[in-house]
Amino acid sequence: MKLHRITSRIINLPEDYSFKLTASAYNFSWYFNGSELIIPIDYEELIIASIREVDLRKLKITLFSKRKVNHTETFFEEVEDALGVNENLKLFYDLWMRDPLLSQSYKSLKGFHLRKTKLWNALLIGICQQNASFRQGWNMLTLIHKKLGFRVEIEDGKTTIIPPSPEKIVNISINELKKCKLGYRAETIKRCAEAFYSNTLSEEKLQKYDEKDLTSIKGIGKYTARLALILSDRRYELPPIDRWLAKIISEVYNVPLGKAEEEWVSRWGRWCGLAAFITTLALDAEPLTQALKRIQEGKITPTFNENKITPLTLWKFT
DNA sequence: TGCCAGGCGGGGT
DNA sequence: ACCCCGCATGGC
């Protein structure tokens with residue numbers, strides 16, 4: 001499938017917006033190459049946005065699609081929303097600067113904004129993260145995209161991948177899904193796809209989902225539900241406390257494991273989800289033992305090491 | 001090699 | 001409301 005250029009627009013960036021950080025975090029090479037960011041806007045109609053830096057305070061957004069599109073305004077709005085160019089993080093910065101765990105990373109990560117993704121894709125990310133390391137989880141998602149995703153060509157031969165649709169997942173066998181090294185998570189992804197396909201869940205924006213809607217699917221628990229809502233709708237008030245973060249909280253703030261969530265909520269308030277996300281960036285998503293060691297050594301800031309696979313360098317390795 | 005790794009549900013108390 | 005276990009898989 002080949003897509004054609006529809007239209008372009010230049011937008012201004014606010015202060016403290018880092019395009020490079022925003023585009024880099026937890027991304028694949030088919031979405032970011034160091035200068036051009038691709039964001040699929042509509043998976044079915046195949047609306048794709050390409051975003052480049054014109055200068056430090058300006059971005060150029062170009063829309064691509066398979067055929068002519070009339071109301072491009074809403075698509076530009078969706079791109080800006082996905083990029084988070086209009087979100088105001090001032091109040092969060094006030095907490096970030098002073099926090100014992102995260103203040104060290106403030107300087108290098110300030111300007112990062114979370115890229116929104118579709119709920120369906122957010123759930124795939126969350127499910128792949130279950131009971132697995134960062135590396136293993138993102139390997140699974142890489143395989144899902146490469147083996148099952150839909151490849152599209154954008155004009156001059158560049159290709160990108162749209163995540164497989166719920167319909168596609170519904171129509172393939174569990175064994176086919178398991179080739180993505182998903183293990184028992186394959187069953188959860190299947191059930192999740194069925195929920196989307198049968199319209200129990202859909203991407204309709206009118207509907208605002210909450211945790212309960214998602215945890216009603218077997219295999220989606222509190223953590224995955226909250227993470228998915230954070231990634232798809234910036235529901236930063238939700239604390240996605242997994243074993244990894246719980247242990248870190250209990251060590252750093254000296255509270256029992258069972259009080260970790262309470263502690264996080266009292267520190268971050270409406271910013272729990274964003275703070276959790278940034279914690280993974282600050283520690284390069286190291287597995288727990290390594291992460292705790294990094295904290296002991298006071299190395300709580302991304303390494304930006306060229307040879308290391310981290311959330312911020314993942315796009316170089318896929 | 002055996003066991004850990006950003007969960008989860010089911011079954012026990 | 002807790003606690004505990006098994007569950008696929010890859011990586012060390």
Side-chain angles (χ1 to χ4, degrees), chain A residues 25-26 101-102 105 114 117 121-144 146-148 173-192 195 211-232 235-236 238-252 256-265 268 272-295 300 302 307-312 314 317-318:
Chain A
Y26 291 99
L101 175 63
L102 292 186
S105 64
L114 185 150
T117 189
N121 193 46
L123 282 164
L124 293 178
I125 295 170
I127 295 164
C128 290
Q129 284 290 132
Q130 294 175 356
N131 197 24
S133 65
F134 151 75
R135 195 79 71 80
Q136 188 180 351
W138 284 86
N139 275 339
M140 293 178 216
L141 195 66
T142 300
L143 289 170
I144 290 176
K146 286 193 169 171
K147 285 177 175 290
L148 305 171
S173 66
I174 282 286
N175 278 343
E176 194 65 26
L177 247 187
K178 284 192 172 172
K179 289 182 184 160
C180 300
K181 320 282 189 191
L182 292 161
Y184 53 73
R185 299 166 196 85
E187 309 276 355
T188 304
I189 288 180
K190 193 88 176 170
R191 279 189 291 265
C192 201
E211 233 176 282
K212 291 262 169 61
D213 298 317
L214 304 183
T215 54
S216 67
I217 299 167
K218 190 178 166 191
I220 308 283
K222 199 178 357 183
Y223 168 75
T224 307
R226 290 178 178 181
L227 181 61
L229 291 169
I230 291 162
L231 299 180
S232 62
R235 301 277 273 280
Y236 293 154
L238 302 172
I241 311 293
D242 46 33
R243 292 190 304 214
W244 185 84
L245 189 54
K247 181 71 179 168
I248 287 170
I249 293 168
S250 102
E251 293 282 318
V252 172
L257 268 179
K259 295 278 181 197
E261 180 170 328
E262 195 181 304
E263 179 70 23
W264 198 251
V265 172
W268 294 105
C272 287
L274 183 58
F277 192 102
I278 288 176
T279 305
T280 72
L281 297 182
L283 289 165
D284 292 327
E286 301 266 17
L288 187 55
T289 330
Q290 291 304 309
L292 291 172
K293 208 168 119 204
R294 287 264 302 257
I295 292 168
I300 321 181
N307 305 313
K308 195 179 163 86
I309 303 186
T310 74
L312 290 166
L314 180 63
F317 293 86
T318 52

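Since the structure is predicted, the reported quantities are computational estimates derived from the model, not experimental observations. Chain letters run A, B, ... following the sequence lines, proteins first and then strands; every chain starts at 1.
A:Lys181 places no side-chain N or O within 3.5 Å of a backbone atom of A:Gln136 that could act as its donor or acceptor partner. Judged by distance alone, the side chain of A:Arg185 and the main-chain N or O of A:Asn131 form a donor-acceptor pair under 3.5 Å. No side-chain donor-acceptor contact under 3.5 Å links A:Thr224 to the backbone of A:Ile220.
The shortest distance between side-chain heavy atoms of A:Leu148 and A:Leu143 does not fall below 4.5 Å. Side-chain contact between A:Ile174 and A:Glu187: present, with at least one pair of heavy atoms (C-beta onward) separated by less than 4.5 Å.
A:Leu177 places its CG atom 15 Å from the P atom of C:dA8, with the value rounded to the nearest Å. A:Ile309 places its CD1 atom 16 Å from the P atom of B:dG6, with the value rounded to the nearest Å. Taking atom NZ of residue A:Lys222 and atom P of nucleotide B:dG9, one finds them 11 Å apart after rounding to whole Å. Taking atom CZ of A:Arg191 as the reference point, atom C1' of B:dG7 lies 13 Å away to the nearest angstrom. Between A:Lys247 atom NZ and B:dC4 atom P the separation is 13 Å, expressed in whole Å. The CD1 atom of A:Ile249 sits 14 Å away from the P atom of B:dG6 (whole-angstrom rounding). Spacing between atom CG of A:Leu123 and atom P of B:dC8 amounts to 11 Å, rounded to whole angstrom units. Atom-to-atom, CD of A:Gln129 to P of B:dC4 comes out at 20 Å; the value is rounded to the nearest Å.
Nearest heavy atom pair, residue A:Pro240 against residue A:Cys272, reads CD-O, 4.2 Å.
Listed in residue order, the members of residues 275-290 of chain A having a heavy atom less than 4.0 Å from DNA chain B are A:Thr280, A:Ala285, A:Glu286, A:Pro287, A:Leu288, A:Thr289.
With P as the reference atom, C:dC4 and B:dC4 are 16 Å apart, rounded to whole Å. Across C:dA8 and B:dG11, the matching P atoms stand 16 Å from one another, rounded to whole Å. The same atom, C1', is picked in C:dC2 and in B:dG6; the two are 22 Å apart, to the nearest Å.
Under 4.0 angstrom from either OP1 or OP2 of B:dC8 there lies at least one side-chain N or O belonging to A:Thr224.
Note that CD1 of A:Ile127 and CD1 of A:Ile217 are 7.5 Å apart. Values are rounded to the nearest 0.5 Å.
Residue A:Ile220 is classed as a sugar-phosphate contact, given heavy-atom separations below 4.0 Å to backbone atoms only.
Of the charged side-chain nitrogens involved, none lies within less than 4.0 Å of a carboxylate oxygen, so that A:Lys222 and A:Glu211 do not count as a salt-bridged pair.
Each of A:Tyr223 and A:Thr215 was matched to the nucleotide of DNA chain B holding its nearest heavy atom; the match closer to the 5' end belongs to A:Tyr223.
For A:Tyr26 against B:dG6, a side-chain N or O and a base N or O form a donor-acceptor pair under 3.5 Å.
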Might you list the N or O atoms of the protein lying below 3.5 Å from N or O atoms in nucleotides 9-12 of chain C, with each pair's distance?
from   : atom 1 : to       : atom 2 : distance (Å)
C:dT9  : O2     : A:Gln136 : NE2    : 2.7
C:dG10 : OP1    : A:Lys181 : NZ     : 2.9

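Residue A:Gln130 places its side chain closer to B:dG7 than to any other of B:dG7, B:dG10, B:dA5.
Between A:Trp268 and A:Tyr236, the ring center distance fails the sub-6.0 Å criterion.
Each of A:Lys293, A:Lys308, A:Arg294 was scored for a salt bridge (charged side-chain N to carboxylate O under 4.0 Å, His left out) with A:Asp284, with one residue passing: A:Arg294.
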